[in-house]
Enquirer: 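Okay, handing you the structure first.
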Amino acid sequence: MVQAIVFPQEEDAMPRIVAHVDMNAFFAAIEQNAHPEWKNEPIVVCVFSGRTLDSGVVSSASYDARKLGVRAGMPIVQAKQLCAKGHFVPVNHTLYGQISDQIFTRLFAYGDAVEMASIDEAYADLTQKTQGDYAHAERLMREFQQKIQKEFNLGCSVGIAPNKLLAKIASDFQKPNGFTIVKPESVQSFLDPLPVKSLLGIGPKTEQQLVEKNIHTIAQLRACGAGELVALFGAARGQYFFHASRGIDESPLETNYEKQQRSSIWTLQRDTQDWNELRALVREKALELWDETAAQGKFFTQISVVGVDIALKQMTRSTTLNVACVSSEQLFSEVEQLFQSLLSNAPLPLRRVGLRVGGFASPPKQKRLNEFFG
DNA sequence: GACTCCACCGC
DNA sequence: CCTTCTGTGGAGTC
């Protein structure tokens with residue numbers, strides 16, 4: 001075969017190759033490494049809410065804990081019943097974030113572009129580097145997988161496919177330490193037998209709606225007309241499902257993504273409907289949020305508060321400022337008003353409350369950033 | 001456009 | 001039986 005000379009137009013036309021990397025039981029695996037004496041013992045990483053000794057949920061479970069039925073999202077109390085001898089440790093997001101950064105920094109050497117999709121997932125675009133050659137892509141990503149295992153003692157699953165949608169499903173196909181390649185010619189046969197829930201964006205509620213229409217597999221979803229899907233799910237999601245069921249996804253890697261909002265929500269020691277009981281804590285949290293965003297040079301125009309009542313019903317109140325918020329005092333005063341409005345309409349005492357800021361804009365009064373520090 | 005709620009994605 | 005925390009995007013409503 002003649003070696004093709006690559007012109008810019010042909011570069012654009014080159015079929016994409018995208019890899020998705022998903023760390024296996026990431027938080028639990030890191031904790032396992034931090035405690036080598038727990039080898040082959042169940043480890044359960046927990047978010048303790050602080051309300052009672054064991055209130056809270058499981059964030060991540062090691063494979064030894066999963067064998068006993070422990071799952072992410074499960075109440076800690078329930079996990080302890082399944083796994084009395086397990087090691088229950090609190091989440092340490094800072095540590096996991098640092099390790100995540102180190103791991104995915106290595107990935108930049110393997111692709112043209114990298115998107116860190118979450119703390120334990122990333123995409124790499126391999127199109128140019130491999131010149132569209134799947135065998136080359138496989139060699140590269142197997143090397144990456146082994147490198148991470150060796151260097152960090154952490155396993156990951158890898159999917160390689162023509163786009164992000166399929167690469168993500170492929171990395172999920174075999175776990176742990178899976179390696180799945182979906183070439184363009186086998187996209188449909190790969191997708192068809194999978195449950196609809198395999199598609200990003202189809203969760204429990206949407207799955208239920210589809211099951212009611214007797215749609216269980218992606219093949220059955222593909223048999224639906226675009227019009228029917230749009231009628232059922234609205235324009236955006238309907239069209240997404242139409243394309244996704246065919247394995248079509250042109251979305252590019254988001255390589256310089258910026259957060260749109262920052263929020264924090266916490267569980268109260270005691271349920272309440274009384275602003276005076278919340279005031280001090282809310283104030284503290286508002287100041288923290290101000291400090292964190294100001295430190296990043298971010299100035300927000302949107303402020304919201306959220307309450308979750310004892311029936312777990314959520315309520316929100318929000319406001320949009322004309323000019324970015326200028327001080328922590330202004331933030332707190334806005335938050336106070338929003339909470340008073342929320343509380344006066346809350347039918348039941350609140351169990352959890354939270355704050356959110358977003359709508360990041362230029363700094364107020366056009367001050368130079370460094371005038372805010374020092 | 002602003003606001004509120006809902007569904008979903010991670011772990 | 002008990003239900004954390006963070007962030008995005010869509011839909012309905014006004």
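Order of the sequence lines fixes the chain letters, A, B, ..., with proteins taken first and strands second; residue numbering starts at 1 for each chain. Computation of the quantities below employed the complete heavy-atom set of this structure, encompassing side-chain atoms and omitting hydrogens, waters and symmetry-equivalent molecules.
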Enquirer: Can you figure out which of dG10(C), dC11(B), dT4(B) approaches the side chain of Ala236(A) most closely?
Expert: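 Taking heavy atoms from C-beta onward, the closest nucleotide is dG10(C).
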Enquirer: Using whole Å, report how far CZ of Phe27(A) lies from P of dT6(C).
Expert: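 Distance, rounded to whole Å: 12 Å.
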Enquirer: Of the options dG10(B), dG7(C), dC11(B), whose atoms approach the side-chain atoms of Ala72(A) most closely?
Expert: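 So the side chain of Ala72(A) is nearest to dC11(B).
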Enquirer: Send over the distance from Asn345(A) CG to dC3(B) P, rounded to a whole Å.
Expert: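 After rounding, the gap between these two atoms is 16 Å.
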Enquirer: Nearest to the side chain of Thr320(A), heavy atoms from C-beta on, is which of dC11(B), dC8(B), dA2(B)?
Expert: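 Nearest to the side-chain atoms of Thr320(A), counting from C-beta on, is dA2(B).
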Enquirer: Looking at Tyr123(A), I'd like to know if the NZ or CZ of Lys168(A) sits under 6.0 Å from its six-membered ring centre while staying within 45 degrees of the ring's axis.
Expert: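 Cation-pi check for Lys168(A) and Tyr123(A): fails.
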Enquirer: Could you tell me whether Ile76(A) contacts a base, only the sugar-phosphate backbone, or nothing, with contacts defined as non-hydrogen atoms closer than 4.0 Å?
Expert: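 No contact.
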Enquirer: Checking all strands, does Ile119(A) fall into the base, sugar-phosphate, or nothing category for heavy-atom contacts under 4.0 angstrom?
Expert: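 No contact at all - Ile119(A) keeps every heavy atom at 4.0 Å or more from the nucleic acid.
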Enquirer: Considering heavy-atom distances to DNA chain C, does Gly234(A) or Ser55(A) have its closest nucleotide positioned more toward the 5' end?
Expert: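 First, find each residue's nearest nucleotide; the 5'-ward one identifies Ser55(A).
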Enquirer: Students often get this wrong, so: under 4.0 angstrom with heavy atoms, is Ala235(A) touching a base, only sugar-phosphate, or nothing?
Expert: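 If one applies the 4.0 Å heavy-atom cut-off, Ala235(A) turns out to touch the sugar-phosphate alone, with no base involved.
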Enquirer: Checking contacts here: which listed nucleotide (dT3(C), dC11(B), dA7(B)) is nearest the side-chain heavy atoms of Pro75(A)?
Expert: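 Out of dT3(C), dC11(B), dA7(B), the nucleotide with an atom closest to Pro75(A)'s side chain is dT3(C).
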Enquirer: Please classify the nucleic acid contact of Arg51(A) as base, sugar-phosphate, or nothing, using heavy-atom distances under 4.0 Å.
Expert: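 Answer is nothing: Arg51(A) stays at 4.0 Å or more from every strand.
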Enquirer: Could you check which of dC8(B), dC5(C), dG7(C) has an atom nearest any side-chain atom of Lys205(A)?
Expert: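 Nucleotide nearest to Lys205(A)'s side chain: dC8(B).
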Enquirer: CD of Gln260(A) versus C1' of dG10(C): gap in Å, rounded?
Expert: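 The answer, rounded to whole Å, is 15 Å.
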Enquirer: Looking only at side-chain N and O atoms, does Tyr257(A) come under 4.0 Å of OP1 or OP2 in dT8(C)?
Expert: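 Checking Tyr257(A) against dT8(C): at least one side-chain N or O falls below 4.0 Å of OP1 or OP2.
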Enquirer: Name the nucleic acid region contacted by Thr267(A), choosing base, sugar-phosphate or nothing; use a 4.0 angstrom heavy-atom cut-off, strictly under.
Expert: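 Counting heavy atoms under 4.0 Å across all strands, the contact made by Thr267(A) is with sugar-phosphate only.
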Enquirer: Passes side-chain hydrogen bond (donor to acceptor under 3.5 Å, both in side chains), Tyr96(A) versus Glu31(A)? Steps please.
Expert: CA-CA 9 Å; Tyr96(A) 314 149; Glu31(A) 295 296 343; 2.6 Å; yes
Enquirer: Need the pair for dC5(C). Rule: Watson-Crick or G-U wobble, both distances under 3.5 Å, any strand; none if unpaired.
Expert: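 Paired with dC5(C), as far as the under-3.5 Å criterion goes, is dG10(B).
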Enquirer: Check for me whether Arg246(A) meets the cation-pi criterion with Phe242(A), that is, NZ or CZ under 6.0 Å from the six-membered ring centre and within 45 degrees of the ring axis.
Expert: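 Yes; both conditions hold, so Arg246(A) lies above the ring face of Phe242(A).
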Enquirer: Just call it for Glu121(A): base, sugar-phosphate, or nothing, with non-hydrogen atoms closer than 4.0 Å on any strand.
Expert: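 Sugar-phosphate contact only - Glu121(A) comes under 4.0 Å of backbone atoms but never of a base.
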Enquirer: Tell me: CZ of Arg356(A) to P of dC5(C), nearest whole Å?
Expert: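 Distance, rounded to whole Å: 16 Å.
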Enquirer: Given that Arg352(A) and Phe233(A) both sit by DNA chain C, which one's nearest nucleotide is further toward the 5' end?
Expert: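 It is Arg352(A), whose closest nucleotide lies nearer the 5' terminus.
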Enquirer: Does the pair Glu329(A)/Arg283(A) count as a salt bridge with the N-to-O cut at 4.0 Å?
Expert: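 Looking at Glu329(A) and Arg283(A), the cut-off is met.
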Enquirer: Rounding to an integer number of Å, can you tell me how far Gln261(A) CD sits from dC9(B) C1'?
Expert: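 Spelled out: CD on Gln261(A) to C1' on dC9(B) is 13 Å.
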Enquirer: Roughly, in whole Å, what's the span from NZ in Lys164(A) to C1' in dT8(C)?
Expert: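 In whole Å, dT8(C) C1' lies 13 Å from Lys164(A) NZ.
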Enquirer: Under 4.0 Å between a side-chain N or O of Ser264(A) and OP1 or OP2 of dC5(C)?
Expert: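 So the side-chain polar atoms of Ser264(A) never come under 4.0 Å of the phosphate oxygens OP1 or OP2 of dC5(C).
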Enquirer: Hey, is the side chain of Thr206(A) poking within less than 4.0 Å of OP1 or OP2 on dC8(B), counting only N and O atoms?
Expert: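 Yes, within the criterion.
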Enquirer: Please give the distance between the P atoms of dT3(C) and dG10(B) as a whole number of Å.
Expert: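 These two P atoms come out 24 Å apart once rounded.
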Enquirer: For Lys168(A), report the nucleic acid contact type (base, sugar-phosphate, nothing); a contact means any heavy atom under 4.0 Å.
Expert: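 Since only primed, P, OP1 and OP2 atoms lie under 4.0 Å of Lys168(A), the category is sugar-phosphate.
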Enquirer: Salt bridge check: are Asp271(A) and Arg51(A) linked by an N-O gap of less than 4.0 Å?
Expert: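 Salt bridge flag = yes for Arg51(A) with Asp271(A).
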Enquirer: Atom NZ of Lys298(A) to atom P of dG7(C): distance rounded to whole Å?
Expert: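 Rounding to the nearest Å, NZ of Lys298(A) and P of dG7(C) are 10 Å apart.
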Enquirer: Taking everything shown except Arg356(A) itself, do over 12 heavy atoms lie less than 6.0 Å from its CZ?
Expert: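 Counting neighbours around CZ of Arg356(A), 12 or fewer heavy atoms of other residues, nucleotides or ligands fall under 6.0 Å, so no.
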Enquirer: The side chain of Val57(A) lies closest to which of these nucleotides: dC8(B), dC11(B), dT4(C)?
Expert: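 Nearest to the side chain of Val57(A) among the choices is dT4(C).
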Enquirer: Answer with base, sugar-phosphate or nothing: what part of the nucleic acid does Tyr240(A) contact at a heavy-atom distance below 4.0 Å?
Expert: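 Tyr240(A): no heavy atom of the nucleic acid under 4.0 Å.
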Enquirer: Quick check with a 6.0 Å cut-off and a 45 degree axis cone: is Arg237(A) positioned over the face of Tyr240(A)'s six-membered ring?
Expert: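 Ring-cation test returns no.
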Enquirer: Using a heavy-atom cut-off of 4.0 Å across all strands, would you classify Ser118(A) as base, sugar-phosphate, or nothing?
Expert: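 Nothing, no heavy atom under 4.0 Å.
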Enquirer: Whole-Å distance between dC6(B) C1' and Arg237(A) CZ?
Expert: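 To the nearest whole Å, that distance equals 10 Å.
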Enquirer: Over all strands shown, is Met315(A) touching base, sugar-phosphate only, or nothing at heavy-atom distances under 4.0 angstrom?
Expert: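 Sugar-phosphate: the residue Met315(A), judged by heavy atoms under 4.0 Å, touches backbone atoms but no base.
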